[in-house]
Amino acid sequence: QVQLVESGGGLVQAGGSLRLSCAASGSFASLGTMNWYRQTPGAQRELVADITPGGIRHYADSVKGRFAIARDNTKNAVYLQMNALKPDDAGTYFCYIRGRENSRDWSDYWGQGIQVTVSS
């Protein structure tokens with residue numbers, strides 16, 4: 001059964017850095033775009049960054065220049081390097097991957113969420 005295991009969150013002071021990791025278990029015939037979303041207090045869940053199978057990256061305007069997304073297809077993993085963190089970056093971060101397991105149809109896979117807290 002597929003699980004997305006997230007790690008790397010925690011508490012950091014403003015201006016500090018964190019790196020989030022998300023690794024998908026199982027065997028996949030195909031992996032599509034990999035994404036990081038976040039849910040912040042009092043706001044809707046928003047797309048923070050994504051990376052296509054070809055390595056094309058997109059970022060939300062609020063994090064552009066500070067965050068960097070990367071993927072490692074050999075490990076079924078996606079990473080989010082977060083630098084110069086601000087209190088507004090705090091929230092629950094979710095990885096989302098669309099993929100197809102061997103002998104199965106395309107499905108949507110979500111991590112359970114990992115907490116990021118930024119103190120001022």
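Index from 1, following the sequence. Just so it is clear, the values below take in all heavy atoms, side chains as well, and ignore hydrogens, waters and symmetry mates.
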Practice task
Please list, chain by chain and in numerical order, all residues satisfying side-chain hydrogen bond (donor to acceptor under 3.5 Å, both in side chains) with Gln81, sequence neighbours excluded.
Solution key: Asn83
Completion exercise
Excluding Leu11, membership of its hydrophobic cluster (Ile, Leu, Val, Met, Phe, Trp, Tyr; side-chain heavy atoms within less than 4.5 Å) reads none
Exercise for the section: Among residues two or more places apart or on two chains, list those pairs meeting salt bridge (charged side-chain N to carboxylate O under 4.0 Å, His left out) that have a residue in residues 111-120. Expected result: none
Exercise for the section: Begin from the C-alpha positions of Leu31 and Asn76 and carry the test side chain to side chain contact (heavy atoms under 4.5 Å, CB included) through to its verdict. Expected result: CA-CA 8 Å; Leu31 288 170; Asn76 301 331; 3.3 Å; yes
Exercise for the section: Could you note down all residue pairs passing salt bridge (charged side-chain N to carboxylate O under 4.0 Å, His left out) where residues 1-23 supplies at least one of them, sequence neighbours left out? Expected result: none
Handout entry: Residue Glu46 excluded, over 12 heavy atoms near CD under 6.0 Å
Key = yes
Practice task
Identify the heavy atoms of Thr40 and Ala90 that sit nearest to each other, and give their distance.
Solution key: CG2-O, 3.2 Å
Exercise for the section: Would you check if the side chain of Asn102 reaches a backbone N or O of Ala29 as a donor-acceptor pair within less than 3.5 Å? Expected result: yes
Handout entry: salt bridge (charged side-chain N to carboxylate O under 4.0 Å, His left out) contacts in which one or both residues fall within residues 74-96, not counting sequence neighbours
Key = Arg38-Asp89, Arg66-Asp89
Handout entry: Which residues share a side-chain hydrogen bond (donor to acceptor under 3.5 Å, both in side chains) with Thr33, sequence neighbours left out
Key = none
Problem - Side chain to side chain, Ile51 and Ile56, heavy atoms closer than 4.5 Å - result: no
Exercise for the section: Could you verify whether a donor N or O on one side chain and an acceptor N or O on the other, from Thr92 and Gln115, lie under 3.5 Å apart? Expected result: yes
Exercise for the section: Among residues two or more places apart or on two chains, list those pairs meeting salt bridge (charged side-chain N to carboxylate O under 4.0 Å, His left out) that have a residue in residues 97-120. Expected result: Arg98-Asp108
Completion exercise
Interatomic distance, OG@Ser7 vs CG@Leu20, rounded to 0.5 Å, equals 8.0 Å
Exercise for the section: Any pair with a residue in residues 50-72 that passes ring-ring contact (aromatic ring centres under 6.0 Å, His included), sequence neighbours left out, goes on the list, sorted by first then second residue, please. Expected result: none
Problem - Inter-residue atom distance Leu4.CG - Ser25.OG, 0.5 Å rounding - result: 7.5 Å
Handout entry: Value rounded to 0.5 Å, distance of CD1 in Ile69 from SG in Cys95
Key = 10.0 Å
Exercise for the section: Could you walk me through whether Val12 and Thr117 pass the side chain to side chain contact (heavy atoms under 4.5 Å, CB included) test, one step at a time? Expected result: CA-CA 6 Å; Val12 65; Thr117 304; over 6 Å; no
Exercise for the section: Starting from Tyr79, walk the hydrophobic network (Ile, Leu, Val, Met, Phe, Trp, Tyr; side-chain heavy atoms closer than 4.5 Å) and list everyone else you reach, by chain and number. Expected result: none
Practice task
Kindly state each residue pair satisfying ring-ring contact (aromatic ring centres under 6.0 Å, His included) with at least one member in residues 92-120, sequence neighbours excluded.
Solution key: Phe28-Tyr109, Tyr37-Trp110, Tyr96-Trp110
Fill in the blank from the handout: Hits for side-chain hydrogen bond (donor to acceptor under 3.5 Å, both in side chains) against Gln112, two or more places apart or cross-chain, chain-then-number order -> none
Fill in the blank from the handout: For Ser120, the side-chain hydrogen bond (donor to acceptor under 3.5 Å, both in side chains) test, sequence neighbours excluded, returns none
